[in-house]
Amino acid sequence: MPSLVEALSRDVGAAFAALELPAELGRVVESDRPDFAPYQCNGAMAAAKQAKRNPREIAQSIAEKLAADHLSMKVEVAGPGFLNLTPDDAAYSTQANVLASDERTGADSAAHPLKLMIDFGGPNVAKPMHVGHLRSSVIGDCLQRLMRFRGHDVVSDIHLGDWGLQMGHLITELEDEQPDLPYFDGEVTGGYPSEPPVTIDDLSRLYPQASAKAKEDPARNERSRKATAELQAGRPGYRALLAHFIAVSIAALKEDFNALGVHFDLWKGESDVNDLIPEVVADFKAKGVAEESDGALIVRVARDSDKKELAPLILVSSAGAALYATTDLATILERRREQDPQLILYVVDLGQSDHFEQVFRAAYKAGLAQEGGLEHVKFGTVNGTDGKRLRTRAGGTFKLADLIEQARDRARDRLNEAGLGAELSKDEFESVAVSVANAAIKFSDLSNVRTTNYIFDLDRFVSFEGKTGPYLQYQSVRIKSILRKATDQGLEPGEIVVGKAEEAALVRRLDGFNAAVIRAERDRAPNVLCEHAYNLAQAFSGFYANCPILPEKDEAIRASRLKLAATTLRQLELVLGLIGMDVPERM
RNA sequence: GUCCCCGUAGCUCAGCAGGAUAGAGCAACGGAUUCCUAAUCCGUAGGUCGGAGGUUCGAAUCCUCUCGGGGACGCCA
């Protein structure tokens, strides 16, 4: 079922065609000037340019043609040649009932579903999750929900960073602290303790320590590189340590991700593809894609058309170790064998643009993937209120878990302030607080345009006023409350009959859902969903304030409004679900 | 040095393929609750869209230059 915009575009397009003008010029959009009309078409001016005619005359002819067609709308010509279109109430009513009868309130599935994978560019095993990790988690999760909603077959992979030099740093730093552990004894090749020698706090301490030392001292760095190479070559003690590091790290990560309500199909990591690396390297050599340079094996990926010089990808370092790019390539091979995706989305910050450009080109060059089958869904950095990048080593950075807890504290306070604590059981209260905190965190992150940097301001993050997640939950809960009361009173929703301006405005917003979902999918843009959710909630506010539902005496009108409210709720829950937010029963 | 991204109201940000008077939220000020949840709603005020050229009937949007901020540039991830 086409949306109003689509139906109008078709009608106006037909009118253009009837005048022997391109039908595409009939494209109708929501108006910039809702005080004139809710919809507009600017095609007459473009047509005038092409045909070298007077735009107003063309617009006038279109308007006359449309009037002759007896369509369910008012058409006016304004300014230099704008066509202002105003559907009548019957058109809104018809559309509203169509949307209401659809489980998805008008949202289509993709015409050609894809098999696709989402790579969350996982957190590093060596480091605890900090606020910088929020973006890939929240954006990636939104995308996996959105893509599934569109009917794509999605497999998500957290893809932990558990294989590079950072592991060498951890191993050598731990060796310095606890040299007597059996893992470091070259003679011992098995029977290692099953208890991990470190906690997550140890891990988060060891890595920065080692990294700082290595920066000052090349010899110290060389030790880590050597350990990395030995680990990758399969030294038993190091492999046993790695297994501990990963297990400890995953346990901690699962807590954070569960707290956020983010889930992955696969908990793979870079270390999982180690066995494939020799094959990838041999394959690249055989195909003549890789070559020696300064003791390393590299792939030249620069192209003549490049504006900037892209460095070659380093497949094997001069120390003999696989690097970040190598494991990414091996992972592409693994995924091709196990999942065979048509598209892989990498949800990783934009600082790694060059890296992915290198990997993608190398993969295409070697025939590991089809051109266009790999896509970097990049996002901006998280900055502090001083506008500078929030870094792990900056000192002031706090953990993601702390952020979540602070948001929850704030949510509990607000619930209490509003006097809502008393009505709920302790469990209910806590679950609402959790849900509200998540909504606040996710919405404030996702409502930013993905590719821009944004300023992380805790106060703003946990403020629940205005354009926020909790506001949207509140609106939804309010509708739930009305519907619950209606049920209690034995009231049934009925056919929607639009009679007031606020009802028409609400129908227009509901009608825009499909376009928003499609645009969000096309641009991988969660903020479009946020925008739609907020506009919908605002339209409902206008409706709520001006159109009594339960107090309405006219039975038919009441039933109509009840259905409009129920449809709004359904769509709100759908779109908030895509964002990753829950809607409590009451709050 | 080369390349990429950003610069819109006091603050944080939208602005989709060039269209009419550039929109939200916060903060400020003024209102609204005998009525379905006031985490709400309505109103007021606030902008040389960093700057200068250019293309166009028409530019925040496209092109060039320039200033300011951020980032990336062969063995870290």
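Sequence lines set the chain letters: A, B, ... in the order given, protein chains first and strands last, and positions in each chain run from 1.
- Going from atom CG of A:D306 over to atom P of B:C4 covers 11 Å, rounded to whole Å.
- Salt bridge absent: A:E291 and A:K285 never bring a charged side-chain N and a carboxylate O closer than 4.0 Å.
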Polar atoms only, N or O, under 3.5 Å: list the protein pairs with nucleotides 56-59 of chain B and their distances.
from	atom 1	to	atom 2	distance (Å)
B:G58	O6	A:K49	NZ	2.8

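- Checked against a 6.0 Å centroid threshold, the rings of A:Y471 and A:F464 do not count as neighbours.
- Atom CG in A:L310 sits roughly 20 Å away from atom P in B:G71 (whole-Å rounding).
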- [ ] If a protein heavy atom is under 4.0 Å from the base, mark B; if only from the sugar-phosphate, S; if neither, -; do that for nucleotides 26-38 of chain B going 5' to 3'.
- [x] S--------SBBS
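- Contact check on A:R509 versus A:E30 returns a salt bridge, with a Lys/Arg side-chain nitrogen under 4.0 Å from an Asp/Glu carboxylate oxygen.
- Distance, A:L472 CG to B:A24 C1': 13 Å, rounded to whole Å.
- Among the nucleotides B:C75, B:A77, B:A17, the one closest to any side-chain atom of A:S317 is B:C75.
- Counting non-hydrogen atoms of neighbouring residues, nucleotides and ligands closer than 6.0 angstrom, the CD atom of A:E309 reaches no more than 12 such neighbours.
- Atom NZ of A:K226 is surrounded by 12 or fewer heavy atoms from other residues, nucleotides or ligands within 6.0 Å.
- Ring pair A:Y324/A:H355 is parallel by interplanar angle, where below 30° counts as parallel and above 60° as perpendicular.
- Here the side chain of A:Y471 is nearest to one of B:A20, B:C41, B:C6, namely B:C41.
- Donor-acceptor pairing under 3.5 Å is lacking for the side chains of A:H169 and A:S211.
- Remark: B:A17 base-pairs with no nucleotide in the shown strands. Criterion, Watson-Crick or G-U wobble with two distances under 3.5 Å.
- Under the stacking criterion of a centre-to-centre distance below 5.5 angstrom and an interplanar angle below 30°, A:F36 is not stacked against the six-membered ring of B:A20.
- Shown here are the side-chain contact (heavy atoms from CB on, under 4.5 Å) partners of A:E492, two or more places apart in sequence or in another chain: there are none.
- Screening A:F379, A:F120, A:F360 for a ring pair (Phe, Tyr, Trp, His ring centres under 6.0 Å) with A:Y346, the sole residue that qualifies is A:F360.
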Give the table of side-chain donor-acceptor pairs shorter than 3.5 Å for residues 547-554 of chain A, with sequence neighbours excluded, one pair per line with atom names and distance.
from	atom 1	to	atom 2	distance (Å)
A:E552	OE1	A:R561	NH1	3.2
A:E552	OE2	A:D554	N	3.1
A:K553	NZ	A:P551	O	3.4
A:D554	OD1	A:A556	N	2.9
A:D554	OD1	A:I557	N	3.1

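- The distance from atom CZ of A:R450 to atom C1' of B:A14 is 16 Å, rounded to the nearest whole Å.
- Against RNA chain B, the stretch residues 157-170 of chain A makes heavy-atom approaches under 4.0 Å through A:G164, A:L165, A:Q166.
- In this structure B:A45 sits in no base pair that meets the Watson-Crick or G-U test at under 3.5 Å.
- Contact between the side-chain N/O atoms of A:Q538 and the OP1/OP2 oxygens of B:G25 is found at a separation under 4.0 Å.
- Remark: A:T452 is in phosphate contact with B:A14, judged by side-chain N or O atoms under 4.0 Å from OP1 or OP2.
- For the pair A:R522 and A:Y454, both in contact range of RNA chain B, the more 5′-proximal nearest nucleotide belongs to A:Y454.
- In a base pair of the Watson-Crick type (N1 to N3 plus N6-O4 or O6-N4) or a G-U wobble (N1-O2 and O6-N3), with each distance short of 3.5 Å, B:U40 is matched with B:A32.
- A donor-acceptor pair is defined here as one N or O able to donate and one able to accept, closer than 3.5 Å; such a pair exists between the side chain of A:Q166 and the backbone of A:G161.
- For B:G53, the paired nucleotide is B:C63, the pair qualifying as Watson-Crick or G-U wobble because both relevant distances are below 3.5 Å.
- Applying the 3.5 Å distance criterion, the base of B:A20 shares a donor-acceptor pair with the side chain of A:N84.
- Across the protein-nucleic acid pair, A:E76 atom CD and B:A20 atom C1' stand 14 Å apart, rounded to whole Å.
- Among residues at least two apart or in separate chains, salt bridge (charged side-chain N to carboxylate O under 4.0 Å, His left out) pairs with a member in residues 469-481 of chain A are A:K480-A:E573, A:K480-A:E585.
- Across all strands shown, A:E270 has heavy atoms under 4.0 Å from sugar-phosphate atoms exclusively, and none from any base.
- Taking atom OH on A:Y39 and atom P on B:C16, their separation rounds to 19 Å, with Å as the unit.
- Base pairing annotation: B:A22 forms no Watson-Crick or G-U wobble pair, as no partner gives both donor-acceptor distances under 3.5 Å.
- Of all nucleotides listed (B:G19, B:G74, B:G70), B:G19 comes nearest to the side chain of A:D32.
- Protein atom CD of A:E531 is 9 Å distant from nucleotide atom C1' of B:G15, rounded to whole Å.
- Checked for salt-bridge contact, A:D488 and A:K485 miss the test: no charged N lies under 4.0 Å from a carboxylate O.
- Nucleotide B:C3: paired with B:G71 (Watson-Crick or G-U wobble, both distances less than 3.5 Å).
- Spacing between atom NZ of A:K378 and atom C1' of B:G70 amounts to 15 Å, rounded to whole angstrom units.
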